[in-house]
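The chains referred to below are lettered A, B, ... by the order of the sequence lines, with proteins before strands, and numbering in each begins at 1. Since the model is a prediction, treat every value here as computed from it, not as a measurement.
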Amino acid sequence: MPPEALRRSRVNDLLTSTDLNRDVLVKGWVRTRRGNKYVQFIALNDGSCLATLQVVADLSKFSEESLKDITTGASVAVRGQLVASQGKGQAVEVQAEEITVLGTADPETYPLQKRGSDQKGISLEALRDIAHLRPRTNTFGAVLRIRHALAFAIHQYFNEHGFYYVHTPIITGSDAEGAGQMFRVTTLPPEHPPRTADGSVDFAEDFFGKQTNLTVSGQLEGELAAMALGQVYTFGPTFRAENSNTARHLAEFWMVEPEMAFYDLPDNMDLAEDFLQSLVRYALQHCAADLQFLHDTYDKELLGRLQFVVDNQFQRLTYTEAVEILKTAKQKFEFPVDWGTDLQSEHERYLVEKHFKKPVILTNYPKDIKAFYMKLDDDGRTVRAMDVLFPGIGEIIGGSQREEDLGKLEARMAEMHVPADELWWYLDTRRFGTVPHSGFGLGFERLVLFVTGMGNIRDVIPFPRYPKKAEF
RNA sequence: GCUUCCUUAGCUCAGCCGGUUAGAGCAUCUGACUGUUAAUCAGAGGGUCCCUGGUUCGAGCCCAGGAGGGAGCGCCA
């Protein structure tokens, strides 16, 4: 077969191949090159897996000069024989016949040189400054493959359970969704915007003829779709203009929001629990090598923790019961626990990591600390809210049964100063054929954070956006 | 936004009580070595000590302001 006819093989396929002693073509990026003047070894990675393929260059076939540009980070195409490895450490290797350098990487300026024998490489913080190159590291390759697998598993889960994927708008005309500060979307000139008679900016002149923002949630539109399709979900970008500086917040993140007609709160909890367990199980089954690497490198309890979540039921209890546990806890808290105030993250951590030692679903929060659309309990004091709390992450899911009674919903909106006239279309769902329904929001990066065991949410999204950072 | 810590070579970090010419490991470069495995061995090059100002005979070190980053908290997913 002439070399031109050879199809490129992926590194992952070659490493697992038992079809040896054949011509192969591989292309990828050089991780390291080592050897002597007689034989050189090139570790080649193409992103198809964590491992590298060993390419052997016999110096009787290659001049030292021709290998000079094969440095860490360079891209190459290799044609050669796939053979059983002569050395230890790998089953197969490629005896190179021909190596073409596709792109060089100047060793003096390419920042991702191999790690030293002291094991100290470039820190995760330093890698954030070169986020355009960090996918080439073992860590970010593993994280991005796991991130992909989880996104795929989400679509697969919902598809298999009769949910429809709906696309809710990114630009929204209402700022009444109540989930935090919003980013304004405008085409008005920032220097001299048109003004109304009273001097304020005249948004009637703006692109949409009104003030518009980036969405903070697709939930309200998701509810509209659920009132026709039954079970739906959204999976899209979400924007919060909060000045949040933590390892668990981003200004731009991806959120999964299922919304189900005819689901009450227990149905909602059942779905959330099965959903999360299925996703973690999927990652364990399909990302074993990448997870093992992250386990060995960063977090020796990662695999045990993931398996535990899959194997054990989540602990369900009401907010009121949680407050009782916290009040009698021997642990000293910085903030006092009082019925009616929201739990601090130290309280949530105690419940999850110390008291129950498993994921917790807290329900029936006081109505005054939750959103207007949550269904009021019969006692009139609490609402049918649920927060799923995970170890190390805190709140990974927030959801509720929605208030389906028009009168009660309007009363809650009035109480909480939510402008009902702007949400006339939302209220129409309660006006025409209203049904009990529920839903929740899963922070996708928080899921990736949990599954990868990474410590900072900025390291589980390719190009993180947070206060003072929109590079790349 | 608040609290707190940090910023010294490409990277990870030392740097004593304020005292001569700024230190290590890794990386890079050069050389050696017939199958390496984070190769090994020998040598070399590499510095705006984050910035600005101040104190001092003398500042990487002390003081003030600024910038950037980490961790914790709040907001939440």
Side-chain angles (χ1 to χ4, degrees), chain A residues 31-43 51-52 54-60 64 68 71-73 85-90 93 95 105-130 137-138 177-181 216-219 237-257 272 297 333-335 342-346 348-349 369-371 387-390 393-399 440-450 455-459 466-469 471:
Chain A
R31 284 294 171 78
T32 60
R33 176 165 65 91
R34 55 179 172 261
N36 51 51
K37 70 167 88 160
Y38 303 96
V39 62
Q40 294 269 313
F41 302 93
I42 300 160
T52 56
Q54 172 153 286
V55 174
V56 185
D58 193 320
L59 275 277
S60 65
E64 282 191 70
K68 214 166 176 56
T71 57
T72 298
S85 178
Q86 291 178 38
K88 291 171 186 166
Q90 59 281 316
E93 64 191 19
Q95 289 286 346
D106 181 358
E108 296 288 349
T109 51
Y110 181 64
L112 293 179
Q113 296 300 333
K114 64 185 159 185
R115 219 165 18 159
S117 54
D118 58 358
Q119 298 204 19
K120 284 180 187 168
I122 305 177
S123 65
L124 293 171
E125 291 81 16
L127 284 171
R128 278 177 217 150
D129 293 331
I130 48 170
T137 63
N138 284 338
E177 292 166 25
Q181 288 294 111
V216 292
S217 164
Q219 179 198 316
T238 308
F239 308 88
R240 304 270 168 95
E242 304 287 345
N243 190 14
S244 295
N245 291 286
T246 80
R248 327 179 282 290
H249 288 85
L250 291 167
E252 175 184 293
F253 63 100
W254 290 68
M255 188 151 63
V256 182
E257 294 178 286
T297 309
F333 296 114
E334 188 185 345
F335 295 92
D342 212 353
L343 298 181
Q344 303 285 319
S345 53
E346 61 172 339
E348 296 179 347
R349 266 208 311 277
I369 59 173
K370 287 293 181 182
D387 282 2
V388 181
L389 310 177
F390 262 33
I393 308 292
E395 185 179 347
I396 196 167
I397 277 180
F440 61 80
L442 166 72
F444 181 59
E445 282 75 18
R446 290 192 180 172
L447 174 71
V448 181
L449 197 58
F450 177 75
N456 194 310
I457 202 164
R458 295 165 184 178
D459 297 328
Y466 49 96
K468 298 285 184 311
K469 186 66 72 175
E471 189 78 65

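- In terms of polar N and O atoms assigned as donor or acceptor, the side chain of R34(A) never comes within less than 3.5 Å of the base of A38(B) in a complementary pairing.
- Here G1(B) is the nucleotide among G1(B), C73(B), U36(B) with the atom lying nearest to any side-chain atom of N243(A).
- Between the side chain of Q54(A) and the base of U36(B), at least one donor-acceptor pair of N or O atoms lies under 3.5 Å.
- Taking only side-chain atoms of T246(A), from C-beta outward, the nucleotide of C73(B), A77(B), G70(B) with the closest atom is C73(B).
- Remark: Q113(A) is in phosphate contact with U28(B), judged by side-chain N or O atoms under 4.0 Å from OP1 or OP2.
- In this model, no side-chain donor or acceptor of S244(A) finds a partner on the base of C76(B) within 3.5 Å.
- Looking at heavy-atom distances under 4.0 Å, A126(A) makes contact with sugar-phosphate atoms alone, never a base.
- Heavy atoms of G35(A) sit under 4.0 angstrom from at least one base atom.
- For G35(B), the base is not stacked against the aromatic ring of Y38(A), per a cut-off of 5.5 Å between centres and 30° between planes.
- If P107(A) and K88(A) are placed on RNA chain B by their nearest nucleotide, the residue sitting closer to the 5' end is P107(A).
- Nucleic acid contact class of S123(A) (heavy atoms, under 4.0 Å, all strands): sugar-phosphate only.
- Distance Y466(A) OH to C76(B) P: 23 Å, rounded to the nearest Å.
- Remark: R128(A) is in phosphate contact with G70(B), judged by side-chain N or O atoms under 4.0 Å from OP1 or OP2.
- Between G68(B) and C49(B), the distance separating the two C1' atoms is 16 Å to the nearest Å.
- Remark: R240(A) is not positioned above the aromatic ring of F253(A), lacking an NZ or CZ atom under 6.0 angstrom from the ring centre and at most 45 degrees off the axis.
- Note: CG (N36(A)) to C1' (G31(B)) measures 14 Å, nearest angstrom.
- Picking from U36(B), A27(B), C73(B) the nucleotide with the shortest atom distance to the side chain of E93(A) gives U36(B).
- Searching all strands for a Watson-Crick or G-U wobble partner of G47(B) with both distances below 3.5 Å returns nothing.
- Nucleotide G74(B): unpaired (no Watson-Crick or G-U wobble partner with both distances less than 3.5 Å).
- One interatomic measurement links the two molecules: NZ of K37(A) to P of G31(B), which rounds to 10 Å at whole-angstrom precision.
- Among the protein residues, G87(A) comes within range of the nucleic acid bases, having at least one heavy atom under 4.0 Å from a base atom.
- Between G69(B) and K468(A), no contact under 4.0 Å exists linking OP1 or OP2 to a side-chain N or O.
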From CA spacing to verdict: side-chain hydrogen bond (donor to acceptor under 3.5 Å, both in side chains), E252(A), T238(A)
CA-CA 6 Å; E252(A) 175 184 293; T238(A) 308; over 6 Å; no

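- Heavy atoms of K370(A) sit nowhere under 4.0 angstrom from any nucleic acid atom.
- Set against U36(B), C73(B), A27(B), the side chain of Q90(A) has U36(B) as its closest nucleotide.
- Going from atom CG of L124(A) over to atom P of G70(B) covers 11 Å, rounded to whole Å.
- Counting to the nearest Å, the C1' atom of C75(B) and the CD1 atom of I369(A) are 13 Å from each other.
- Taking 4.0 angstrom as the limit, K68(A) places none of its side-chain polar atoms (N or O) nearer than this to OP1 or OP2 of C29(B).
- Nucleotide U34(B) is matched to nothing when pairs are restricted to Watson-Crick or G-U wobble geometry with both distances under 3.5 angstrom.
- I397(A) comes within 4.0 angstrom of sugar-phosphate atoms only, judged by non-hydrogen atoms across all strands, and of no base.
- Distances shorter than 4.0 Å separate some side-chain N or O of S345(A) from OP1 or OP2 on G74(B).
- For G69(B), the base has no donor-acceptor partner in the side chain of E125(A) [N/O atoms by modelled type, under 3.5 angstrom].
- Residue contacts for D129(A): at a heavy-atom cut-off of 4.0 Å it reaches no nucleic acid atom on any strand shown.
- Not counting sequence neighbours, the partners of L112(A) by the side chain to side chain contact (heavy atoms under 4.5 Å, CB included) test are Y110(A), I122(A), L127(A), I130(A), L133(A), R136(A), T137(A).
- At a cut-off of 3.5 angstrom, counting only N and O atoms as typed in the model, there is no donor on one side facing an acceptor on the other between the side-chain of R248(A) and the base of C73(B).
- Side-chain contact, N138(A) with R31(A): a donor N or O sits under 3.5 Å from an acceptor N or O.
- Comparing G70(B), C73(B), A77(B) against the side chain of E395(A) picks out A77(B) as the nearest.
- Contacts of R349(A) with the nucleic acid, taken as non-hydrogen atoms under 4.0 Å apart, involve only primed sugar atoms and P, OP1 or OP2.
- Q219(A) comes within 4.0 angstrom of no nucleic acid atom, judged by non-hydrogen atoms across all strands.
- In this structure, the CD atom of E334(A) is 14 Å from the P atom of U3(B), given to the nearest Å.
- Put simply, CD on E252(A) is 17 Å from P on A77(B), counting in whole angstrom units.
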Hey, what are the protein-to-nucleotides 42-48 of chain B N/O distances that come in under 3.5 Å?
none

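- The nearest whole Å value for the distance from the CG atom in L59(A) to the C1' atom in G35(B) is 12 Å.
- Closest to the side chain of R458(A), from the set C73(B), G35(B), G70(B), is G70(B).
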